There are 2 protein chains.
Amino acid sequence: MIDSFLKCDHNGRMSGDQRREQILQTAVSLFSNRGFSGTTTKEIATASGVSEAMVFRHFASKDVLFAAILEAKMCNDGLHTFPWETNEALIAAMKVKDDFAVFYEFGKQALEKHQADIGFMRLLFYSALEEHELAERFFGEFVKKIYDFLGDYLRERQNEGAIRQMDPRIIVRSFLGMLIHHSLNNILWDKKRSILDITNDTAARSFAEMILCGASNECKQRAA
Amino acid sequence: MIDSFLKCDHNGRMSGDQRREQILQTAVSLFSNRGFSGTTTKEIATASGVSEAMVFRHFASKDVLFAAILEAKMCNDGLHTFPWETNEALIAAMKVKDDFAVFYEFGKQALEKHQADIGFMRLLFYSALEEHELAERFFGEFVKKIYDFLGDYLRERQNEGAIRQMDPRIIVRSFLGMLIHHSLNNILWDKKRSILDITNDTAARSFAEMILCGASNECKQRAA
DNA sequence: ATCCAGTGAGTAAGCACTTACTTAGTGCAG
DNA sequence: CTGCACTAAGTAAGTGCTTACTCACTGGAT
């Protein structure tokens with residue numbers, strides 16, 4: 001149990017579970033860099049330091065390997081832990097109805113999560129383009145719930161007169177748009193941040209400010 | 001010249017130029033649906049109604065075919081015609097400094113362009129993930145100029161006191177984020193629009209309103 | 001008779017996946 | 001503690017099929 005953690009030599013013989021996990025991680029990295037059809041089982045084997053046959057001993061087919069990755073990513077990588085379940089600053093901000101803090105905390109956590117798992121982000125996009133299961137499940141099990149959660153909060157604040165009367169889902173789409181597009185720029189289009197190089201904190205702050213002003217009752221910008 | 005346009009029968013014998021163009025269009029569709037490595041030359045040939053050999057008569061290799069697509073897309077599909085060069089409502093709005101109309105017209109045109117060429121959008125994303133040349137060129141030759149253009153307009157309006165003092169590139173990123181994320185939802189993640197089903201007009205109107213309120217001087221949302 | 005769009009039948013390399021086999025670790029009877 | 005049966009980790013060398021790409025050839029229009 002304990003000393004299985006110490007076995008970090010990738011060249012030697014591993015236990016079945018260890019090797020399986022290692023092949024899985026290698027495959028995540030390769031799939032996220034080159035896509036499903038752009039990655040060969042030979043490459044996965046070589047990068048894992050084993051022969052191709054070992055890949056097929058642990059995963060019956062390339063498709064099964066991909067499915068195992070989905071399962072692992074959906075279970076481990078906090079897809080079932082939502083921001084409002086763990087982020088205490090966010091929970092506190094919601095209790096006292098500090099709208100700015102709510103959006104700021106939510107945004108910052110999202111941006112940091114994106115940055116921490118670029119591989120998962122890329123995998124998600126590949127999955128969406130190639131219409132693999134991951135994209136659909138991610139959308140159904142995660143994104144929809146975010147719309148519900150933020151939408152509910154906004155509706156509550158609308159009833160209290162704090163926020164302008166409009167479809168709250170449009171506000172959520174706008175805010176998520178800012179966050180995800182910003183991350184996408186950093187990950188995919190402008191890795192060197194030549195156009196805009198700001199910290200996650202500045203970004204979250206700015207986006208929260210803008211979305212709140214945009215949704216506030218005070219602003220008299222034409223609604224016609 | 002003229003009657004070459006009339007030859008629409010895909011089965012018969014075509015002129016070299018016609019066939020080349022047809023193979024190109026077929027390839028665009030297939031690459032955008034399955035990605036580069038997910039599409040075979042055989043598929044392209046069959047879908048074009050010719051033998052594989054014909055594909056290689058017109059394009060020396062699969063890579064050359066892809067490069068030809070990039071060239072065609074960059075030249076034809078309005079990558080060198082910017083919104084502010086053709087959209088008269090936008091030009092007029094800028095003259096009279098009707099900020100809402102500027103963002104509304106810009107946004108609506110963008111959303112409609114995205115919707116009209118889903119294939120190109122998908123190709124762009126595949127290119128970005130697979131780090132093909134298209135993504136880089138598109139970003140350098142198109143996106144950067146949009147940042148410059150909208151940024152310049154916003155800076156001007158800041159000097160006139162109409163817009164709050166903040167980095168105008170953050171405003172541009174927020175606005176483009178709303179637009180592109182919305183299109184991406186419709187194209188990639190939520191094709192059936194189960195979360196949010198609004199017209200391009202409603203979307204452009206809402207986003208323009210929100211970005212302007214968010215950037216206005218009036219709103220007193222916390223800046224700390 | 002001469003272009004030239006178009007083909008059938010290839011080739012060599014690469015693909016996912018399998019087989020037949022070897023080696024290293026483990027428990028346990030003597 | 002040793003030796004041996006048993007199992008699990010690992011491989012080399014394939015399988016048949018697909019891939020990108022080639023070439024000698026054909027038939028219809030000018």
Side-chain angles (χ1 to χ4, degrees), chain A residues 1-28 30-31 33-69 126 130 132, chain B residues 1-28 30-31 33-69 126 130 132:
Chain A
M1 276 285 187
I2 292 164
D3 50 8
S4 71
F5 281 96
L6 301 172
K7 281 190 180 174
C8 292
D9 54 304
H10 280 207
N11 296 330
R13 210 177 160 102
M14 283 186 188
S15 81
D17 285 352
Q18 272 182 308
R19 185 61 82 189
R20 189 192 144 94
E21 188 58 30
Q22 196 221 333
I23 292 171
L24 210 96
Q25 291 309 322
T26 309
V28 167
L30 286 170
F31 283 148
N33 279 319
R34 305 200 236 270
F36 182 76
S37 51
T39 305
T40 70
T41 50
K42 186 116 212 288
E43 281 172 338
I44 296 168
T46 306
S48 304
V50 291
S51 67
E52 224 180 327
M54 278 309 290
V55 173
F56 288 97
R57 187 180 230 41
H58 287 289
F59 306 95
S61 71
K62 200 184 171 188
D63 279 301
V64 167
L65 170 55
F66 194 80
I69 288 176
Y126 264 119
E130 293 175 355
H132 272 291
Chain B
M1 278 285 188
I2 291 165
D3 51 7
S4 72
F5 280 97
L6 302 173
K7 283 188 180 176
C8 292
D9 55 304
H10 280 206
N11 296 330
R13 204 180 163 101
M14 284 186 188
S15 79
D17 285 350
Q18 272 181 307
R19 187 59 84 188
R20 189 190 144 92
E21 188 57 29
Q22 196 221 334
I23 292 170
L24 210 94
Q25 292 308 323
T26 308
V28 168
L30 286 170
F31 282 149
N33 279 319
R34 304 201 235 270
F36 182 76
S37 49
T39 305
T40 70
T41 52
K42 185 113 212 284
E43 282 171 338
I44 295 168
T46 306
S48 304
V50 290
S51 67
E52 227 181 324
M54 277 308 292
V55 172
F56 287 97
R57 190 181 229 38
H58 286 290
F59 306 95
S61 74
K62 200 184 169 187
D63 279 300
V64 167
L65 169 56
F66 193 80
I69 288 176
Y126 264 118
E130 293 175 356
H132 273 292

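Just so you know, these numbers use all the heavy atoms, side chains as well, and skip hydrogens, waters and symmetry mates. Just so we're clear, the structure is a prediction, and the values are computed from it rather than from any experiment.
- With hydrogens and angles disregarded, a donor-acceptor distance shorter than 3.5 Å links the side chain of B/K62 to the backbone of B/F36.
- Between the side chains of B/E52 and B/T41, at least one donor N or O lies within less than 3.5 Å of an accepting N or O.
- Listed pair A/R19 / D/dA9 fails the phosphate criterion, with no side-chain N or O lying under 4.0 Å from OP1 or OP2.
- With distances taken from any side-chain atom of A/T40 to the nucleotides D/dA20, C/dA16, C/dC17, the minimum falls on C/dA16.
- Neither OP1 nor OP2 of C/dG8 sits under 4.0 Å from any side-chain N or O of B/S51.
- Note on B/T39: only backbone sugar-phosphate atoms sit closer than 4.0 angstrom, heavy atoms only; bases stay farther off.
- Across C/dG6, C/dA16, D/dC21, the shortest atom-to-atom separation from the side chain of B/K62 is found for D/dC21.
- With D/dA9, D/dC21, C/dG6 as the candidates, the nucleotide lying closest to the side chain of B/S61 is D/dC21.
- Proximity note for B/A53 (side chain, C-beta onward) versus D/dA12, D/dA20, C/dT7: the nearest is C/dT7.
- Of all nucleotides listed (C/dT18, C/dA5, D/dT11), D/dT11 comes nearest to the side chain of A/V50.
- Within the 4.5 Å cutoff, the side chain of A/L24 has heavy atoms near those of the A/L65 side chain.
- In the model, A/Q25 has a side-chain atom that pairs as donor or acceptor with a side-chain atom of A/E21 under 3.5 Å.
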